[in-house]
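We count ligands from 1, going down the list as the structure has it; atoms in each ligand are counted the same way.
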Amino acid sequence: MIYLEVIHLKHVLGLRCIFCGQELAAKPGLYTCPACGRKDGILDVVYDYSVINRLISREQLAHNKDNSIFRYLPLLPIKPDTPRPHLRVGWSPLYRPSGLGRLMGMDKLYVKDDGQNPTASLKDRASIIAVIKAKEENATTIACSSTGNAASSLAGSAAAMGMQTFIFVPSRAPQGKVAQLLIFGANVISVQGSYEDAFALSAEAIDKWGWYNRNAAINPYLVEGKKTVALEIAEQLDWQVPDWVVVSVGDGCTIAGVWKGFQDLYRLGWIDRVPKIAGVQSTGCSPLVDAWRENRPWQPAAENTIADSIAVGVPRNPEKALMAVRDSHGTMLAVSDEAILAAMRELGASSGIFGEPAGVTGLAGLKLLIEQGVISQNETVVAIVTGNGLKDVKNAIEAVGEPLKVVPSMAELITKLQAGNLV
Ligand SMILES: *Cc1c(COP(=O)(O)O)cnc(C)c1O
Ligand SMILES: [Zn+2]
């Protein structure tokens with residue numbers, strides 16, 4: 001342990017401001033660049049890759065039985081001996097569902113089902129890092145604002161760690177997610193307003209009471225947790241990098257994490273190229289897609305989409321998100337809510353995977369990118385399903401309609417099944 005501790009201090013060089021480029025020493029309470037401020041001064045964790053290469057290798061990983069994000073401990077900005085919650089986060093399955101492949105006319109289509117995390121979304125990858133960092137900084141109370149999943153995952157990780165949480169959610173957060181919060185013992189504040197309102201109020205409260213801040217864009221360590229999804233994709237494909245990764249975009253931290261993960265692997269020399277990354281939003285809320293398409297700074301947008309997890313009119317990590325798309329030579333596009341509902345239906349029926357609306361938005365985008373000829377059907381593509389559909393049953397029913405209703409009579413069953421051409 002002492003040996004690892006010394007090495008740990010060496011593998012993180014510091015934090016670099018993505019706006020002004022200044023490098024800062026990591027220290028408790030430092031989340032954003034003091035010179036550039038909270039909005040622009042987003043920080044990125046800088047590693048010493050030669051140190052990491054001495055600590056971990058692809059061959060060692062092949063024998064590592066830790067099926068969680070902590071198999072990549074030397075690539076994470078945490079101390080190896082800080083207590084960790086018992087929850088198993090990460091190492092979600094990477095499927096190659098043949099039914100979906102046939103439907104899409106693709107042979108090398110993979111689905112990374114991150115709905116299989118402890119609280120059923122990719123956000124667990126960030127939240128578990130948040131509670132560990134909070135512990136390292138001796139915090140006992142941790143807070144965030146969220147469209148839903150960041151909150152429920154934080155509440156779950158904090159419960160497992162024995163920490164108190166204050167969670168600010170917008171009034172439209174789906175009931176499934178609010179139920180998770182309450183079950184995990186969070187202090188839940190339902191802000192009667194937009195996500196922007198919830199975010200602003202949480203920021204003031206965090207300042208006032210000095211809670212640990214899990215707001216993802218503001219906290220540079222959380223993207224490091226999210227990047228593990230990319231590390232896993234590469235390892236699960238035996239270090240053969242896909243041509244494309246498609247993922248939904250709200251604040252922009254998830255797509256930034258995906259890019260950071262592949263960047264890390266490239267700099268370690270473990271992969272010989274990086275994938276193109278496609279970021280997908282809903283047409284009802286697409287500030288980053290609009291900025292990308294029109295090659296201009298982003299502007300606040302309305303939040304009119306059923307995909308609540310990506311209904312983010314004022315994205316908190318816009319620059320990191322746009323950099324991921326630009327630097328990977330990827331693309332961005334928006335899909336309608338109808339296309340999102342169709343993707344939920346098609347993914348479920350063809351492959352037995354249940355995604356929430358934002359969870360399948362990447363897949364809906366892939367369909368459009370194939371129609372447009374941007375992605376070809378013989379390319380290798382990974383679609384990340386970022387959250388489980390049970391979180392939002394209302395929209396699932398919206399996607400598929402109500403079941404066939406019959407009185408308990410065989411005669412009626414026959415009539416109705418025949419009427420529906422089902423038998
Ligand atoms: C948060 C979330 C996203 C988007 O992640 P950002 O970091 O906000 O871009 C996508 N899908 C689901 C299910 C999410 O919870
Ligand atoms: Zn700066």
Please check if the distance between the ring centroids of Tyr49 and Tyr266 is under 6.0 Å. no
Quick test of your reading of the model: are [X] and [Y] salt-bridged, counting only N-O distances below 4.0 Å?
{"X": "Asp44", "Y": "Lys320", "answer": "yes"}
{"X": "Arg96", "Y": "Asp107", "answer": "yes"}
{"X": "Asp243", "Y": "Lys108", "answer": "no"}
{"X": "Glu232", "Y": "Lys227", "answer": "no"}
{"X": "Lys177", "Y": "Glu356", "answer": "yes"}

So the angle subtended at the Zn ion (ligand 2) by Cys33 atom SG and Cys20 atom SG, rounded to 10 degrees, is 110°
Where ligand 1 meets [X] - atom numbers and elements under 4.0 angstrom, heavy-atom basis:
{"X": "Gly252", "answer": "6 (P), 7 (O), 8 (O), 9 (O)"}
{"X": "Lys226", "answer": "7 (O)"}
{"X": "Asn149", "answer": "13 (C), 14 (C), 15 (O)"}
{"X": "Ser248", "answer": "10 (C), 11 (N)"}
{"X": "Val249", "answer": "9 (O)"}
{"X": "Ile310", "answer": "3 (C), 4 (C), 10 (C)"}
{"X": "Cys253", "answer": "6 (P), 7 (O), 9 (O)"}
{"X": "Gly250", "answer": "4 (C), 6 (P), 8 (O), 9 (O)"}

Within 45° cone and under 6.0 Å: Arg267 NZ/CZ vs Tyr47 ring: no
Please name the residue in the list Pro170, Cys144, Ser145, Ser194 that meets the side-chain contact (heavy atoms from CB on, under 4.5 Å) test with Phe199. Ser145
Which of these passes side-chain contact (heavy atoms from CB on, under 4.5 Å) with Val385: Asp114, Leu363, Leu347, Thr361? Leu347
Does at least one non-hydrogen atom of Val312 fall below 4.0 angstrom from an atom of ligand 1? no
Please check whether [X] reaches ligand 1 - meaning an N/O of the residue sits under 3.5 Å from an N/O of the ligand, judged on distance alone.
{"X": "Ser121", "value": "no"}
{"X": "Ile255", "value": "no"}
{"X": "Glu356", "value": "no"}

Shortest reach to atom 3 (C) of ligand 1 by a heavy atom, considering only Arg316, Gln281, Lys123: Lys123
